[in-house]
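Lettering of chains follows the sequences in order, A, B, ..., and the numbering in each one begins at 1.
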Amino acid sequence: MSHHKLEVRELHFAYPDRHKAVNGISFSARHGESIGIIGANGAGKSTLLLLLMGILLPQKGMILVGDVEVTKKTLPMIRERMGMVFQNPDDQLFMTTVYEDVAFGPRNYKLSEKEVEARVMTALDHVGITHLKDRAPFRLSGGEKRAAAIAAVLSMQPDILIMDEPSAGLDPKSRRRMMGLLQSFEHTKLITSHDLDMIYDLCERTIVVKGGEIAADGPTVEILADEALMDACGLELPFALQNCPVCGSKAMPQQHQHSKK
Amino acid sequence: MSNISEALYNMRFMDDLARRNTLVHRLHPLAKLASTLAFLAAVVSVERYEISGLLPFFFYPVIVFALAELPIKPMVKRILMVEPFIIGIGILNPLFDQHIVMLGGVAVSRGWITFLSIFIKCGLTVAAALILLATTGMDRLASALRMLGIPKLFVLQLTLTYRYISVLLEEVGRILNAYALRAPGQKGIHWKSWGSLAGQLILRTFERAQSVYGAMCLRGFDGEYRTGDGQRFCTTDLAYMAVWVMFFIIVRFVDIPGLLGLVVTGGIK
C-alpha cells in the first residue's frame, strides 16, 4: 500500500520572528516503519510534526503522503490518513464525553451514525477503555486521558500515526501499558520523545534533530548507543545503556553480581 | 484553590445528573428546550404587581423535579446561590415605590410586592434553566439549539466554553498558587500584579485555543459542530411539549389562585 509511505523533502520553516525552526530536513518512512525523532528542547521536533500534519505550511520543500503533496487543498485527505496524538491530551479531548470525543473525527467525515458507533467502539476496545465511554474527559486520570486521545485518533483509521511525547506525564505502569499498546499497532509510526528508553524499545529507526537539521538517521541500536553523538546533540544514552547505578559496571544490575550488598 | 475545586465539582455534578436515565432525560432535547423557553417567556411576562399569578408556575419545576428524580437539596442550593444578585437588583424597589396597598387587611408598600415578584421570578427561571441542563446535558442542548437555527458559531462558543471552563479554572488555580507561594502574608493579590496575572492568563488561553483548534482541524473540523443524527422527535416529545405549553398559556391568562379562592369561599355558584 503506497499511501503508507511518507516522504519529506528539503523542508524549511521559520517562525514570524525569523527563528529558523526547521532548516532543510529530508527523510522518508516506509510502510509499517516505526521511527523515533529525538533532539534537545527547541531542536525543531514539534515544529516538524506540525509541518507534517499541515498545521504549519513549509516555506520551502515538500511533504508527500503516499503520492499526494501536503497543501491546503489536500489537507482533508491527508488528515484522514495521518493521525496525530498531542502531547497534552487536554488539547485533544474537547467534547463533553469520551464517546463524543472519539466520534468527533468520524462524524466530520460524514459517516453514518451506525458506522460512527462501530468505529468508536472498535477504537475504545483497542485501547481498552470501553468502560469509560460515558465519562467526562476531565474526570479521567493521566493514563486514561492519553488512551482516550489515542482512541480519538484511531477512530479515523489512519495509516500513519504521529505522536508527540506519548509517555510524558505517565506513571511507570501506565507508560508500560501505553508502550505495549503502541507496539501492537501496525501503522507507520513517528514518535517524538525525550524518553529515550521508550524510543529504544519501540522504534527500529531513529532520527536525531539538532538546530532544525538532521544530525543523524539510522538504526536505533546504533544511534542511541553513540555516546559522542548523543552528547553533541544535548542528549544522553538511554538508561538501559548506561552503567549500572550501583557499582558503575557496564552491565545492568540483573546481569551481574555486586561484590558488596 | 478550594473554591476553584468546588466550582469544578459543581460542574461535574450537573454533568452526572444529565447522564441519568429517566422519563424526562429520555425526551428529545428540543421538546425540553421549547418547554423551558415557553416557561421563561410566560414567567417573565407576568405583571410585576401580580404575585398570585406566579404561584401556579411552581408546578412546572416541582413536577419535572419529581419526574426526573433530581436531588432536591443540591439543586435548591444552586438556585439560592443566584438570589443574592437579585436581592442586589431589587432591594431599592421598596425605597423608590412607597405607594401603600392593602393586602388581605395588611398595609404593604408596592415596592415590597415588586421586590418579592422579582425574587420569585428569578427563582423560577433559574430553576427552569438548571432543570434543562441537569436533564439534557450540554451536548444535546447544543444540538437542540442548532435545530432551532441558532448560528453554529454561537453554539460552538457555548459548548467549548463549557468544556474548557474546567481547564481555565485549573490554570487560574495554578497561577494563584504560584503567586501565593511567593507572596507570603498577603491577603489576595496586590493590585499592582492584577495586570500581569490577567495578561498571563489571556496569553495561556490564546495558546490553548490555538492547540485545541489545531486538534479539531486534524480531525476534519470544518466549522460545523456535529453531534450525530440524534434521536427522532416522537409523539411523547410532542405531547410533553404541548401539555406544558398549554399549561403555561392557561396559567398565564386565567387567574387560577383567584378561581380557587372563589370556589373555597363559595363565590362561584
Quick check for you: among A/Val116, A/Asp101, A/Ile78, which has the greatest number of heavy-atom pairs under 4.5 Å with chain B?
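Max contact count across the listed options: A/Asp101.
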Note, B/Met216 side chain near A/Asn108 side chain (heavy atom, < 4.5 Å)
no
Side chains of A/Asn88 and B/Arg208: does their closest heavy-atom pair fall under 4.5 Å?
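Answer yes - side chains close enough.
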More than 12 heavy atoms from other groups under 6.0 Å of [atom1] on [X]:
X        : atom1 : result
B/Phe85  : CZ    : no
B/Ile202 : CD1   : no
B/Tyr213 : OH    : no
B/Gln210 : CD    : no
A/Glu115 : CD    : yes
B/Glu83  : CD    : yes
B/Leu203 : CG    : yes
A/Tyr15  : OH    : yes

Heavy-atom pair of closest approach, residues [X] and [Y]:
X        : Y        : result
B/Asp16  : A/Arg139 : OD2-NH1, 2.9 Å
B/Asp139 : A/Thr97  : OD2-N, 4.4 Å
A/Asp91  : B/Ser211 : OD2-OG, 3.3 Å

Given heavy-atom pairs under 4.5 angstrom as the criterion, report whether the side chain, backbone, both or neither of [X] touches chain B.
X        : value
A/Met53  : both
A/Ala149 : neither
A/Phe86  : side chain
A/Leu93  : both

Give, as side chain, backbone, both or neither, the part of B/Leu218 having an atom under 4.5 angstrom from any heavy atom of chain A.
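Both parts, backbone and side chain.
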Which atoms of B/Tyr162 come close to chain A, meaning under 4.5 Å heavy atom to heavy atom: side chain ones, backbone ones, both, or neither?
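B/Tyr162 touches chain A through side-chain heavy atoms alone.
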Tell me whether B/Arg219 contacts the main-chain N or O of A/Arg107 through its side chain, where contact means a donor paired with an acceptor under 3.5 Å.
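A pair under 3.5 Å: no.
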From B/Met138 CE over to A/Met95 CE, what is the distance, rounded to the nearest 0.5 angstrom?
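Here the interatomic distance stands at 12.5 Å.
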